Amino acid sequence: MSKPSNTPGTVFLVGAGPGDPDLMTVRAARLLSAASLVVHDGLVDPSVLDMAPPSARFVSVAKARSRHTMRQEAINALLVREALAGRDVVRLKGGDPFVFGRGGEEAEACRAAGVPVEVVPGISAAMGAAAAAQIPLTHRDAASVVSFVAGQCKGLSDQNWAGLAGVGRTLVIYMGVATSEAIAEKLIGDGLSPAMPIAVIENAARPQMRVLRGQLAGLGALVAADKVKSPALIVIGEVAARNDTAELERIAETAL
Ligand code: SAH
């Protein structure tokens, strides 16, 4: 996909979904299977990368937590440099590029450099995890509001989450494993019931998925006892107690 030298390539910001390649959009699968340059982050499942032609060049830009800011500038520069050299770039991101994916920053950098950008949405982890665990994010009997927050962000204690969680509301926390104890304390401090149901969904939509359930007061202990690792999502709200997968599996087995 090389262009005449004065025509920039396009940067495609592509959502790869939560892991299972079957959960990519048709547009994403088409672009990936025709890609010659794939720039991907650490969350993208190897089974997704396998969809690109073996001849494609792969560049991993997996981020180390502590070097986040510097690395992002380097990623922006890489995308711009490749596109200005006339190459189309498939920039593959876990989930959706515009949900905690810094896709907005990459799109801005490309536009500022005169590089065309197309954004291909993906199934964000919240949707993928909710579907896989059969936890409805909204439910007429349990929740009519759903919010997504980042648990690992600058000044967690300064974030105002008041009103995002509670009766009739579902709170989904991305990147919250390392700070789960502080998150529970913060929400209980905001007035949330310590008995509010929670679910932790690790590796959603991947073969090694785990769904753990409990109550808000026990969130930190649950994460520690079960050695939950990133990537994992925390769901807080009445919906988290619905559709226990173990129970669903038991029903499916007896139905066979
Ligand atoms: N753009 C991504 C989110 C990137 S932030 C999206 O839309 O999904 C990274 C966080 O996403 C992880 O720390 C984790 O909280 C969540 N996440 C991503 N993939 C996940 C998966 N397969 N299972 C559980 N959580 C996941």
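Since the model is a prediction, treat every value here as computed from it, not as a measurement.
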- [ ] Before giving the answer on salt bridge (Lys or Arg N to Asp or Glu O under 4.0 Å), spell out for K93 and E106 the whole-Å C-alpha distance, their side-chain angles and the decisive distance to 0.1 Å.
- [x] CA-CA 11 Å; K93 291 170 166 291; E106 293 175 13; 3.2 Å; yes
Point to revise | Electrostatic pair K227:E202 at N-O distance under 4.0 angstrom | key: no
- Query: Is M196 reachable from L164 through a run of hydrophobic residues whose side-chain heavy atoms are each under 4.5 Å from the next?
  - Reply: yes
Correct closest heavy-atom pair for G128 and I123 would be N-CG2, 3.6 Å
Should R102 and E108 be marked as a salt bridge (Lys or Arg N to Asp or Glu O under 4.0 Å) after you check the CA-CA gap, both sets of side-chain angles, and the distance that decides it? CA-CA 10 Å; R102 305 190 76 166; E108 280 161 18; over 6 Å; no
Heavy-atom nearest pair, L137 first then T170, reads O-OG1, 2.8 Å
Sorted by chain and residue number, the salt bridge (Lys or Arg N to Asp or Glu O under 4.0 Å) partners of R81 (sequence neighbours excluded) come out as none
Any salt bridge linking R91 with E118? Criterion: basic side-chain nitrogen under 4.0 Å from a carboxylate oxygen.
no
Output for pair (M51 CE, L92 CG), nearest 0.5 Å, gives 9.5 Å
- Query: Hey, are the side chains of I135 and I201 touching, using non-hydrogen atoms and a 4.5 Å cut-off?
  - Reply: yes
State, with a plain yes or no, whether a side-chain heavy atom of L13 is found less than 4.5 Å away from one of V117.
yes
Practice prompt. Show your reasoning for whether side chain to side chain contact (heavy atoms under 4.5 Å, CB included) applies to L171 and W161.
Written response: CA-CA 9 Å; L171 182 64; W161 292 354; 4.3 Å; yes
Sorted by chain and number, sequence neighbours left out, ring pair (Phe, Tyr, Trp, His ring centres under 6.0 Å) with F98 holds for none
*Under a 4.0 Å N-O cut-off, is there an ion pair linking R206 with D45?*
yes
Rounded to the nearest 0.5 angstrom, the CG-CG distance for L84 and L79 is 10.5 Å
Taking every heavy atom of A133 against every heavy atom of M209, the minimum-distance pair comes out as N-CE, 4.3 Å
Quiz item: Tell me, do D96 and P121 make a side-chain contact under 4.5 Å, heavy atoms counted?
Solution: yes
